[in-house]
Amino acid sequence: MHDILAGFRAALGLIATFDAELWDISLRSLQVSLSALVIASAIAIPLGTLLAVQRFRFRRLVISVINALMGLPPVVVGLMVYLLLSRSGPFGVLGLLFTPWAMIVAQVIIITPLIASIAHQAMRELWAEYHDLLISLNARKSQRIATLIWDGRRSLLTAALAGFGRAIGEVGAIMIVGGNIDQVTRVLTTAIALETSRGDFALALGLGFVLIGLALMVSLATHWLSRTESGERW
Amino acid sequence: MVNAMFPLALQGVTVARRGRPVLGPVDLVLGQGGPTMILGPNGSGKTTLLRVMHGLERIGAGSVGWQRDAPDRRAFVFQTPVMLRRSTIENLCYPLRLRGVGRADARQAAAGWLARIGLSDHAHRPATRLSGGERQKLALARALIGQPDAVFLDEPCSNLDGHATREIETLLRAAAQSGTRIVMATHDMGQARRLAADVVFLVAGRIVETGAAPAIFAAPKTPAFRAFLNGDIVT
């Protein structure tokens with residue numbers, strides 16, 4: 001209990017004093033996770049929607065694989081990305097290892113199946129509702145997908161937020177590919193891991209509260225911007 | 001007024017679901033004119049026949065031949081109206097936007113239709129919050145806004161009261177007068193008598209009797225249709 005209270009105090013102290021390191025780490029966390037979220041959503045949402053509306057031979061297999069990939073161990077993803085981006089790896093020439101870009105790549109791989117799977121479930125239900133109407137209106141496939149994405153945006157927002165939650169709380173993969181380098185690749189989760197290993201539980205908890213606060217703020221801001229809870233609007 | 005899409009000829013059309021025949025074989029020609037009312041007891045294949053004609057249902061055998069096939073000139077109104085998760089006016093704009101009509105023009109046309117069906121005050125409310133009758137009027141307006149050559153309606157008034165039914169029928173008469181071919185399934189014999197120019201009567205997936213409306217109601221040729229008109233149970 002003492003550590004938790006000390007963590008609260010540390011968090012408030014860091015925020016109240018505009019601690020430069022905290023801001024730097026927090027901004028980097030947001031930058032990496034939001035970038036990963038945008039890229040992953042751009043892949044996963046159309047993919048999930050396409051899987052809902054398009055019938056093809058190995059569709060069930062693809063859905064099963066995506067669902068299975070939701071449980072992909074982040075440490076394994078980190079290791080794979082490390083091997084691909086290391087100097088001797090196929091993408092070593094890009095020099096991305098131990099940069100925020102490597103962390104973004106790892107997070108994209110981790111959260112894309114999660115967003116795609118939730119998006120697919122939501123779009124499948126909406127497609128069942130809209131199927132006959134859109135066919136009867138002679139909507140082209142691209143128009144059907146666009147309609148589902150637009151009309152299902154509240155569910156897709158939930159899918160994206162689930163992806164963001166997983167990305168910003170992720171530590172295993174980004175520790176491996178980012179290296180937790182001070183002022184370069186250190187983010188809130190890796191900083192928490194570092195402070196815990198140093199035995200500074202109060203600071204680690206403080207960073208943890210900041211992390212939770214950031215995730216909540218992003219979620220609330222997204223809901224507010226999209227006005228998803230407004231009674232007379234969609 | 002000549003409707004270039006008709007006649008529509010169905011030859012030997014069958015539909016089966018999970019190996020069980022639900023329609024056919026059906027031979028039917030729908031010429032110019034109408035409205036055509038499709039009558040029959042529950043499970044007789046009325047909905048399936050409408051869906052086949054519109055192209056929503058895959059046929060097992062036979063052929064569906066239009067004089068001029070233009071899928072974007074056909075519309076369908078479902079028994080339970082499907083509302084897009086959008087505002088009332090955006091639901092009306094949707095078919096026009098699919099065809100590339102500009103947003104301003106689509107909204108102008110939609111506003112005109114909303115006034116016509118008495119839903120102007122609900123223009124910016126979510127369409128799913130409308131009452132059953134309002135939804136069905138909106139669904140019909142959405143089907144008619146693109147001025148289709150043919151509209152297929154699957155018991156559009158089955159859950160509506162007399163006032164809403166009258167409004168729907170007024171819209172259908174106006175559409176028919178402006179050249180839209182109406183093909184409608186209904187259980188309501190009064191409605192069939194009010195609207196029909198010709199009738200198709202189905203039992204167990206097969207056409208039992210067809211004919212021009214005044215004559216077929218006055219002198220049914222088959223015992224099944226006679227029983228149906230008398231309100232007896234037909235299976």
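Everything numeric in this text was worked out from a predicted model, so none of it was measured. In what follows, chains are A, B, ... by sequence order, proteins preceding strands, each numbered from 1.
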Heavy-atom count check: over 12 atoms from other residues, nucleotides or ligands less than 6.0 Å from [X] [atom1]?
X        : atom1 : answer
B/Met5   : CE    : yes
B/Asp161 : CG    : yes
B/Arg18  : CZ    : no
B/Gln147 : CD    : no
A/Phe91  : CZ    : no
B/Phe6   : CZ    : yes

Specify the closest pair of heavy atoms between [X] and [Y], including all atoms of both residues, with the distance to one decimal.
X        : Y        : answer
A/Trp150 : B/Arg86  : CD1-NH2, 3.5 Å
B/Tyr94  : A/Leu134 : OH-CD2, 3.4 Å
A/Tyr130 : B/Val82  : CD1-CG1, 4.3 Å
A/Ala139 : B/Leu98  : CB-CD1, 3.9 Å

Can you measure from [atom1] ([X]) to [atom2] ([Y]) and round to the nearest 0.5 angstrom?
X        : Y        : atom1 : atom2 : value
A/Leu148 : B/Arg85  : CG    : CZ    : 9.5 Å
A/Leu137 : B/Arg99  : CG    : CZ    : 8.5 Å
B/Phe76  : A/Asp132 : CZ    : CG    : 7.5 Å

Discussion item. Does any backbone or side-chain atom of B/Phe152 lie under 4.5 Å from a heavy atom of chain A? Answer side chain, backbone, both or neither.
Written reply: neither
